[in-house]
Amino acid sequence: MAMAWEKEAERMVRTQILARGMAEGPLTEAMRSLPRHLFVPPERRHQAWDDGPLLIGRDQTISQPYMVALMTDYLGVGSGDAVLEIGTGSGYQAALLAALGCAVTSVERIVSLARRAEALLSRLGLDVTVVVGDGREGRPESAPYRGIIVTAGSPRLYQAWSDQLDRGGRLVVPLTLSPGLERLFIRERREEGFLDDWKEYCRFVPLLPGLDDGGGDVGGS
Ligand code: SAH
């Protein structure tokens with residue numbers, strides 16, 4: 001019989017998150033509560049809890065668990081906060097934010113990925129609104145946000161993100177320094193202006209312009 005996924009989740013939190021110095025708290029609890037294996041394609045399910053990113057189709061990836069935890073920690077959001085994610089992908093990052101009690105809006109440019117994530121998130125009863133769109137524009141309809149998290153490598157900071165940030169809110173974005181090299185950038189909106197900070201180097205798939213409807217490709221993955 002396969003190991004119950006809860007044990008895999010526990011092991012992931014212990015060996016990948018706590019072992020790297022993050023503390024027990026709502027974030028680790030939320031990570032234990034999510035069936036990460038359901039967010040990866042069936043043929044990669046045996047690798048779902050591994051310490052790295054995985055391909056999810058359409059050349060996109062689900063991020064490494066530790067990177068998801070780190071960015072969520074920098075975002076600093078909690079129960080009741082409105083959060084915007086750019087780059088739904090598998091939906092795992094959005095699920096984690098919803099499990100923390102946030103009201104999540106997540107924008108994805110690839111229609112097939114958005115649909116798949118939306119179906120899974122609703123099946124799991126998680127409070128996420130998935131929107132097909134170009135995240136470079138943010139999502140003004142539900143702004144302002146306590147947190148904005150971009151999960152694709154961005155060539156620059158788009159004005160919409162800063163504009164849609166609430167007072168005291170934070171933006172977390174991997175900014176592309178050169179092809180294949182990103183660095184986490186944090187911006188906090190203060191009364192008197194913005195407070196910016198650079199964090200870890202990392203690697204993300206690129207933020208791309210416009211929508212992708214698969215050009216009539218019915219399979220979509
Ligand atoms: N957060 C995801 C991982 C994201 S991978 C997860 O937890 O699985 C990056 C995603 O960003 C991809 O799905 C890609 O299609 C999407 N993306 C890239 N550019 C975008 C844009 N301009 N607007 C919205 N989504 C975008």
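First listed ligand is number 1; within each ligand, the first listed atom is number 1.
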Heavy-atom neighbours of [X] [atom1] exceed 12 at 6.0 Å:
X: R203; atom1: CZ; value: no
X: R123; atom1: CZ; value: no
X: F194; atom1: CZ; value: yes

Inset, instruction - Using a strict 4.0 Å threshold on nitrogen-to-oxygen distance, state whether R190 and E188 make a salt bridge. - result: yes

Legend entry - S154 side chain vs R156 backbone, donor-acceptor pair below 3.5 Å: yes

Legend entry - Donor-acceptor under 3.5 Å (E108 side chain, T88 main chain): yes

List of N/O pairs, ligand 1 versus protein, all under 3.5 Å?
from, atom 1, to, atom 2, distance (Å)
ligand 1, 1 (N), E85, OE2, 2.9
ligand 1, 1 (N), G87, O, 3.0
ligand 1, 1 (N), T151, OG1, 3.0
ligand 1, 7 (O), Q93, N, 3.1
ligand 1, 8 (O), S90, N, 3.0
ligand 1, 8 (O), S90, OG, 2.6
ligand 1, 13 (O), E108, OE1, 2.7
ligand 1, 13 (O), E108, OE2, 3.3
ligand 1, 15 (O), E108, OE2, 2.6
ligand 1, 19 (N), L208, N, 2.9
ligand 1, 22 (N), D134, OD1, 3.0
ligand 1, 22 (N), L208, O, 2.7
ligand 1, 23 (N), G135, N, 2.8
ligand 1, 25 (N), R109, N, 3.3

